[in-house]
Amino acid sequence: MPTDKQVPPGSRVAVIGAGVAGIMAASTLKQAGVEVDLYEKEERAGGHLNRWHHLFPGREEASLVREGYLQQLREHSLSLMLSAEVKAIVREPEGPAGGRFRVTTAAGDSRDYGAVLLATGFRLFDAALKEEYGYGIYPRVLTSPELEQRLSPGGAGLDTETGPPKRVAFVHCVGSRDAKVGNRYCSRVCCITGVKQAMAVRERYPGCEVINFYMDLRMFGSGYEELYQEAQEVHGVNFIRGRVSEAAKTLGGAIQVKAEDTLLGRPLKVTVDWLVLLVGMEPSLSAELLASLALESDQAGFVASRDKFLQPGQSSADGVFLAGACGGPASLPESVNQARAAALSVITYLNRKG
Amino acid sequence: MSTKGDKWGFQPEKSNVIVLDRPVAPLYRQLRLKVPSLASCFFCGGCSATCTASEEGMNFRVVHLLLCRGEMEKVGSLIAPCLLCGKCTLVCPRNVDTRSVVFNLKLALHELQ
Amino acid sequence: MNHHTPKISWQNYQKSIADDHFYFVRSCIRQTFFPGSEQTFLRILRQELGKDVFDDPRHTSCTGIAYHSDVVPLQTIMTVVARHFALMTEAGYRNFLVSCVTSFGIYNEILHMWEHHPEILAQTREHLWKATKREFQIPDNLVHTSDAIYKFREEIFERARYTLTHRNGETPLRIAEHVGCHYAKIFPDKGVGGAEFPRVLSGMVEAWGGEVVDYPERRHCCGFGFRHYVIRENRGYSVANTRKKLESLAPYKPDLIVANCPGCTMFMDKWQYTLGEMEGVTFGPDGRGIPVLTYEELAGLVLGYDPWDLGLQMHQVDAEPVLKKMGYRYSPEKKYLSSKGKYMGQPMVPDYCCL
């Protein structure tokens, strides 16, 4: 545990975003004796974790995991500012106070910091942009977070006027790997989310057939491939390799889906009670913030690391660090690891400066 | 005309093996130059799913694979039903100009005739 | 490879449609199958709205159907298209108004090719000059006739004598729409509303009081498909596609179908008779078929035109039930009479449908 001597006094750090990456970065810094302000634009901390009911691949209850993170906030008496959207971060000239970054919120409050750690996360892809899937037009077309809400306790479930759902289909890669919407990258976590949610639907509605339409299934993480296999073997989830080309409403309000069964080489159509779009991640840091800090971003628009091999977590601008999905699609454990690593980089930076 | 095959009443079956050792078909090479985006195809099948002519055998994904593998025989008949509506190009997640591929293929096959 | 594709919002298709001064080119097959539609179009634009539309008898077929059937080569159709643009240029017009969706697709496609390959444009100019000693300008605005009716739908409604409702004011008529493939699938930004949820027909229907029914195969081809119909061996495919459309929309019990493409209107109308004769498959409440109207016929009904001037008696599926539902004032006894009062003959009705 570092002591105050190693960290120059008066050097505060602003952590932007109180999702899991922001909370873990802030608590790591605080434990190392660095004074931190944690800015969150929403009314509560937790970020996208708040959207999920259980987590892949172990299917842990999200609320318990969230509680674990919030416990960190309380334990270390972190200074958390809620409903505090950061509007501007301006690099100030070196002054006697040593303040280098002036952070200003939408409410107009300003404060100076020695370093900034961006943990702004991602934005969910707007599924309405894939017009052929009819999201926002047909009520039975959902996004994956909406399905999660429906399946969570107190959620609306998937029952229709005619009772429990008989068939549900998932579309993988919605807004990811798609040049038509300008997102060429893979969002990485949607594949496993689709597997997890397919199993959840089967568990909740044992009589319901579940079909996952995929282009490739990317089971890269620990335990992912095993979950995929479990979905096939235990839950009988039907995986069909073919990209869905269009969805249309049927007379009963169900959704007709068209795809190619590419392994058979024949067109396929199927009517489903619900169509779930596995929406991907998009960069969320505003262009103004990117520009005001002169940050470099990657092709997709995520904040780029200065050197992804030697200095991951350090942006192209001196004193500005990043953790979590603001640097590109990342799973929750990956974000946490990045957050702790970035916190260490911040400490090293402050030490060298002091 | 009588052949020895008739005498036997059977012939050796045509091989079903895809032979990648064969040189790339000149037509495919030209097509790749004319429509560079073809290189981006990853055979997802979105094109054939939305295709009006798919029930008549048209399958852009299969046509492209056949060309890649140097199997030219069926290509002409597979693309014949295409009415160039371009719906496949709209759904392509890799922005392949599928319509232009079929269009140029039709032109090229026409010239070969 | 282009790694910086702009994000496209599929819902935000806007198209500029000229307000006046059009050079009008007709469709080949509409002249025969729905002869009143183009006349009605001209009547609406000229007499109701006071627009300047030049109807040039010198223009020919664009040869689109032959082109799509691999009969007419690309260079030839480009020269034909160039000649039409030359006629437009000579007549002093810059807005090219096309009645046929196939032609509309052809014109758009050729303009696109010329834009991206100036050498092809130069070659076409040379071909046209050698063949006809004509020169041409590229039109400022390429408009489909359904675009024009869409643009003026509110003006038309201001003059309406009927709405698309039961007994002129009660519940809305339920209308299934079909938009031709070559209207917006090739170039979504050239059509009102794009390719997935085209607005061109639904906008008219809603503006005139009707209710649009969205059915699962709404975006599917009508079955015409050029070579699928033109070559007899392929007609089974054509009729199967039309059946797919009709089976998809029939459960919604639409009062009528409206289409914006000559081929679509024709095949969705005529193939109902064929399917009835071939397989005994019928559509509509009493097996008498679902009437298929052009958008000009629909506009003409809204404006209170004589249905026999619109050419409704020429439909294979009898459109008279629509008139009855609307509470339309017309003369049933004049249905099959020519302008001189002589009996013209009438469309066949399938055998099973005995009166």
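Side chains are part of it too, since the values below use all heavy atoms of this structure and drop only hydrogens, waters and symmetry mates. To find a chain, count down the sequence lines: A is the first, B the second, and so on, and within it residues start at 1.
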Practice task
Would you please say whether a donor-acceptor pair under 3.5 Å links the side chains of Asn241(C) and His228(C)?
Solution key: no
Problem - Listed partners of Lys249(A) passing side-chain contact (heavy atoms from CB on, under 4.5 Å), at least two apart - result: Tyr138(A)
Practice task
May I ask you to check whether over 12 heavy atoms, not counting those of Glu170(C), lie within 6.0 Å of atom CD?
Solution key: yes
Completion exercise
Counting heavy-atom pairs under 4.5 angstrom with chain C, the leader among Asp126(A), Leu251(A), Thr271(A) is Leu251(A)
Problem - Donor-acceptor pair between Glu217(C) and Gln256(A) side chains, under 3.5 angstrom - result: yes
Exercise for the section: Under 4.5 Å heavy-atom distance to chain A, tell me which part of Phe197(C) shows up: side chain, backbone, both or neither. Expected result: both
Practice task
Answer with side chain, backbone, both or neither: which region of Ala300(A) has an atom nearer than 4.5 Å to a non-hydrogen atom of chain C?
Solution key: neither
